[in-house]
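Beneath this line is the structure, given in structure tokens, with notes to follow.
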Amino acid sequence: MKIAIMGAMPEEIAPILEKLGTYRTTEYAGNSYYEASYNGVDLVVAYSKIGKVFSTLTATTMIQHFGCEKLLFSGVAGGINPTLKIGDLIVATKLSQHDLDITAFGHPMGFVPGGSVFVESDKTLIELSKEVAKELGKTVQEGVIATGDQFVHDETVKNNIVKHFNADALEMEGGSVAVVCNAMDIPFFILRAISDTADTDASFSFDEFMESSAIISAEFVMKMVDRLAK
Ligand code: SAH
């Protein structure tokens with residue numbers, strides 16, 4: 001089995017590469033991909049760079065070029081649901097693109113003809129994450145993640161995203177990765193640890209907690225890989 005593990009930023013995959021020890025680096029389409037064998041499974045690890053376009057390119061490459069059969073995303077997000085505190089984990093049950101807007105034509109936010117407002121995550125991987133959480137004695141909240149090409153640090157923007165999508169967290173890559181995996185019939189899992197709460201202090205909170213939250217997410221994802229390897 002070949003599994004893709006992706007993040008958006010170097011800090012999100014560094015803890016994973018550290019665990020792998022040795023890996024082979026391949027340059028492809030302007031990005032680096034790290035291949036390794038880990039506990040009997042083949043892994044392809046990469047960070048895409050920030051945003052929907054780069055993450056689309058990386059997810060597509062991991063599936064089409066490297067032949068990955070499942071995709072796990074590990075990273076950080078801005079929390080919306082007040083139950084989510086810094087460092088808490090959220091797994092996406094479904095994802096949307098909060099900045100996809102052709103409402104001028106009477107469509108709902110996040111919808112374009114031929115697409116859907118939400119893309120649902122793989123239920124088997126979510127079930128597995130519940131087992132892993134139980135084993136680790138960790139709480140992993142399930143919820144809606146909204147994705148857009150913008151670092152949200154404003155209550156009004158945040159409230160609008162809640163209004164349209166009832167989202168629990170927001171970030172800049174999950175929704176696009178979900179579209180790719182869904183179209184290509186690849187089971188996917190999007191995990192995020194909270195780095196900020198998308199309010200006026202978000203950039204300060206992000207700078208302070210991004211690295212520690214990225215580690216929390218990466219460690220959980222590697223436990224998922226351990227279970228998938230069994
Ligand atoms: N500090 C970085 C930019 C970070 S952008 C730099 O200067 O290069 C924020 C990243 O973390 C994105 O990959 C996004 O997925 C996630 N994220 C965390 N908090 C977010 C928020 N409040 N709004 C949007 N994305 C957020």
Side-chain angles (χ1 to χ4, degrees), residues 4-16 30-32 45-59 62 71-92 94-101 109-110 119 121 140-141 143-181 188-218 220-221:
I5 306 181
M6 77 178 271
M9 299 175 285
E11 294 87 347
E12 289 172 329
I13 65 157
I16 292 160
N31 204 8
S32 301
V45 183
Y47 75 90
S48 57
K49 300 189 274 288
I50 294 162
K52 292 194 292 178
V53 175
F54 282 127
S55 56
T56 298
L57 176 61
T58 296
M62 288 173 127
L71 187 149
L72 312 177
F73 191 106
S74 177
V76 299
I80 300 178
N81 189 326
T83 59
L84 286 167
K85 310 287 182 221
I86 303 293
D88 285 357
L89 287 167
I90 174 165
V91 50
K94 56 182 184 175
L95 301 102
S96 64
Q97 298 180 61
H98 69 70
D99 57 354
L100 188 55
D101 182 357
M109 273 300 281
V119 177
S121 304
V140 182
Q141 197 163 313
V144 176
I145 291 185
T147 300
D149 280 326
Q150 141 186 47
F151 182 82
V152 177
H153 56 118
D154 183 285
E155 288 290 344
T156 314
V157 177
K158 208 167 110 166
N159 291 338
N160 241 328
I161 292 171
V162 173
K163 185 176 105 194
H164 291 294
F165 304 101
N166 202 17
D168 297 289
L170 53 88
E171 34 85 310
M172 302 177 70
E173 299 84 17
S176 38
V177 170
V179 169
V180 170
C181 292
F188 71 93
F189 178 78
I190 311 278
L191 183 75
R192 298 274 182 170
I194 300 303
S195 57
D196 58 85
T197 48
D199 50 20
T200 46
D201 295 330
S203 61
F204 303 104
S205 174
F206 178 92
D207 282 341
E208 188 174 349
F209 298 111
M210 181 267 274
E211 220 166 314
S212 54
S213 291
I215 292 171
I216 292 170
S217 176
F220 192 91
V221 158

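Whatever order the structure lists them in is the order used to number ligands and atoms, beginning at 1. This one's a predicted model, so the numbers in the text were calculated from it and none came from an experiment.
Closest to atom 2 (C) of ligand 1, if we only count protein heavy atoms, is Phe206 CE2, 4.0 Å. Atom 25 (N) of ligand 1 has Met172 CG, 3.3 Å as its closest protein atom, hydrogens excluded (heavy atom only). Of all protein heavy atoms, the one closest to atom 20 (C) of ligand 1 is Phe151 CE1, 3.4 Å. Atom 16 (C) of ligand 1 has as its closest protein heavy atom Val76 O, 3.4 Å. Nearest protein heavy-atom contact of atom 23 (N) of ligand 1 is Val152 N, 2.9 Å.
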Any chance you could lay out the side-chain contact (heavy atoms from CB on, under 4.5 Å) test for Asn31 and Leu57, step after step, and finish with the verdict? CA-CA 10 Å; Asn31 204 8; Leu57 176 61; over 6 Å; no
Ile13/Met6 under side-chain contact (heavy atoms from CB on, under 4.5 Å): CA gap, chis, key distance, verdict: CA-CA 7 Å; Ile13 65 157; Met6 77 178 271; 5.9 Å; no
side-chain contact (heavy atoms from CB on, under 4.5 Å) between Glu12 and Val76, intermediate numbers included: CA-CA 8 Å; Glu12 289 172 329; Val76 299; 3.6 Å; yes
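Taking every non-hydrogen atom of Ala198 and a distance limit under 4.0 Å, the qualifying atoms of ligand 1 come out as 22 (N). Heavy-atom proximity to Gln150, at under 4.0 Å, picks out these atoms of ligand 1: 23 (N), 24 (C). Set against the non-hydrogen atoms of Ala8, the atoms of ligand 1 under 4.0 Å away are 13 (O). Within ligand 1, counting atoms from 1 as listed, the ones closer than 4.0 Å to a heavy atom of Ser195 are 18 (C), 19 (N).
Counting heavy atoms from C-beta outward, Val179 and Gln97 have side chains that approach closer than 4.5 Å. Asn81 places a side-chain heavy atom less than 4.5 Å from the side chain of Gln141. For the pair Met9/Glu173, no side-chain contact is recorded, criterion being any heavy-atom separation below 4.5 Å from C-beta on.
Ligand 1 has an N or O atom lying under 3.5 Å from an N or O atom of Glu173, backbone or side chain. Annotation: Met9 places no N or O atom under 3.5 Å from an N or O atom of ligand 1; distance criterion only. For ligand 1, the polar-atom distance check against Asp196 finds a nitrogen or oxygen pair separated by under 3.5 Å. Considering backbone and side-chain N/O atoms, Leu170 never comes within less than 3.5 Å of an N/O atom of ligand 1.
In this structure, the separation between CZ on Phe151 and CD on Glu171 is 12.0 Å, given to the nearest 0.5 Å.
Only the side chain of Ile50 comes within 4.0 Å of ligand 1, counting heavy atoms alone; its backbone N, CA, C and O stay farther away. Neither the backbone nor the side chain of Ser203 comes within 4.0 Å of ligand 1, counting heavy atoms alone.
With hydrogens and angles left out, the side-chain atoms of Ser55 and Ser176 include a donor and acceptor closer than 3.5 Å.
The backbone N or O of Ser195 sits less than 3.5 Å from a side-chain atom of Ser205, completing a donor-acceptor pair. The backbone N or O of Leu170 sits nowhere less than 3.5 Å from a side-chain atom of Lys158 that would complete a donor-acceptor pair. With hydrogens and angles disregarded, a donor-acceptor distance shorter than 3.5 Å links the side chain of Ser212 to the backbone of Phe209.
Atom 7 (O) of ligand 1 is never approached by the protein to below 4.0 angstrom, counting heavy atoms only.
Using a 4.0 Å cutoff on heavy atoms, Arg192 counts as a contact of ligand 1.
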